[in-house]
Amino acid sequence: MINFNVAEFSKSTVDLANAPKDNLPEVLLCGRSNVGKSSFINAITNHKSLAHASSKPGHTKLLNYYKIDNRIYFVDAPGYGYASGGVDLDKLFATTMEDYFVNPNLKLVLVLLDSRRELSNEDIELINFVDSKHIPLLFIFTKADKLNQKEKAACIKHIKEVGVGEEYYFTSILTPQSFDKLKSKI
């Protein structure tokens, strides 16, 4: 089992050519700019500030590599959707990720979704694109502490309507045990 508490920031890069060269398996984290990818990394690794969680959407503009237990990398991708400061995140995401999805080290994609929001067109496009590349993907609903059971059921129904994947996890940075099943799956 991977020890997620043994984690360190490795590097940031704009493209795959400058990625770490040790050929460890990579788990890509994708999601809207304000979905909480940095908070997710901090929570799953039990570190308070491993990844910088900005109060401004659209802060991540590079591929950020985090080495976990010297066995895998979490790769935090730029977000898509809204950003403060007029940055075109959809263009930035497309440009940065164009070559990344053919990366032979990519073994799993975690699609982070704000559990309080319906899927956007960008979310659905990403999910369908990853599925078309035959890369395993898991759906991670963030901020789940803000939902009741009826709202969780609505999230699951909405994902099933997309018709891709059956694995989903509800997480909250306020409840560390919400990451246990996900850690086992990874």
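Hydrogens, waters and symmetry mates are skipped; everything else that's a heavy atom, side chains included, is used. All values reported here derive from a predicted model rather than from experimental measurement.
Counting only N and O atoms by type, the side chains of S12 and N64 include a donor and acceptor under 3.5 Å apart.
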Subject >> Y73 vs N105, side-chain hydrogen bond (donor to acceptor under 3.5 Å, both in side chains): CA-CA, chis, key distance, verdict >> reply: CA-CA 9 Å; Y73 282 106; N105 294 327; over 6 Å; no

Original post:
Is there a side chain to side chain contact (heavy atoms under 4.5 Å, CB included) between F179 and F4 once you walk through the steps?
Top reply: CA-CA 11 Å; F179 291 88; F4 287 86; over 6 Å; no

**OP:** Give the intermediate values and the outcome of side chain to side chain contact (heavy atoms under 4.5 Å, CB included) for residues T45 and I68.
**Re:** CA-CA 8 Å; T45 61; I68 311 297; 3.8 Å; yes

**OP:** Assess whether side chain to side chain contact (heavy atoms under 4.5 Å, CB included) is satisfied between V111 and L138, documenting all intermediate values.
**Re:** CA-CA 6 Å; V111 179; L138 302 176; over 6 Å; no

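More than 12 non-hydrogen atoms from other residues, nucleotides or ligands lie less than 6.0 angstrom from NZ of K11. By the 6.0 Å contact criterion, CD on Q177 is enclosed, its count of non-hydrogen atoms from other residues, nucleotides or ligands being greater than 12. Other residues, nucleotides and ligands contribute at most 12 non-hydrogen atoms within 6.0 Å of the NZ atom of K133.
H158 places no side-chain N or O within donor-acceptor distance of the main-chain N or O of E118, the cut-off being under 3.5 Å. No side-chain donor-acceptor contact under 3.5 Å links S39 to the backbone of G36. Judged by distance alone, with hydrogens and angles left aside, the side-chain atoms of S115 form a donor-acceptor pair with the main-chain N or O of K143 at under 3.5 Å. Under the 3.5 Å distance criterion, the side-chain polar atoms of K107 are matched with a main-chain donor or acceptor of P104. Side-chain N or O atoms of D69 include none that pairs as donor or acceptor with a backbone N or O of R71 at under 3.5 Å. N42 contributes a side-chain N or O that, together with a main-chain N or O of L50, makes up a donor-acceptor pair within less than 3.5 Å. At distances below 3.5 Å, not a single donor-acceptor pair connects side-chain atoms of S38 with backbone N or O atoms of A51. Panel note: side chain K157, backbone K152; no donor-acceptor pair is recorded below 3.5 Å. Not a single donor-acceptor pair under 3.5 Å links the side chain of D131 to the backbone N or O of I127. No donor-acceptor pair under 3.5 Å is formed between the side chain of S172 and the backbone N or O of A144.
Residues L119 and D123 come closest through the heavy atom pair CA-OD2, 3.6 Å. Of all non-hydrogen atoms in L16 and K21, the two that sit nearest each other are O-NZ, 4.4 Å. Taking all atoms of both residues into account, the shortest heavy-atom contact from S10 to K67 is CB-N, 4.5 Å. In this structure, A77 and L28 approach most closely via the heavy-atom pair CB-CD1, 3.8 Å. Taking both residues in full, the closest heavy atoms of C30 and L126 are given as CB-CD2, 3.5 Å, listed atom of the first, atom of the second, then distance. When all heavy atoms of I41 and D76 are compared, the pair lying nearest together is CD1-CB, 3.8 Å.
To the nearest 0.5 Å, atoms CZ (F40) and OG1 (T142) are separated by 9.0 Å. Note: E167 CD to I159 CD1 = 12.5 Å, rounded to the nearest 0.5 Å.
If you look at Y65 and F9, their ring centroids are not closer than 6.0 Å.
Hydrophobic clustering of Ile, Leu, Val, Met, Phe, Trp and Tyr side chains at less than 4.5 Å, counting indirect connections, keeps V27 apart from L63.
Using a 30° and 60° split on the angle between ring planes, F170 and F141 fall in the parallel class, below 30°.
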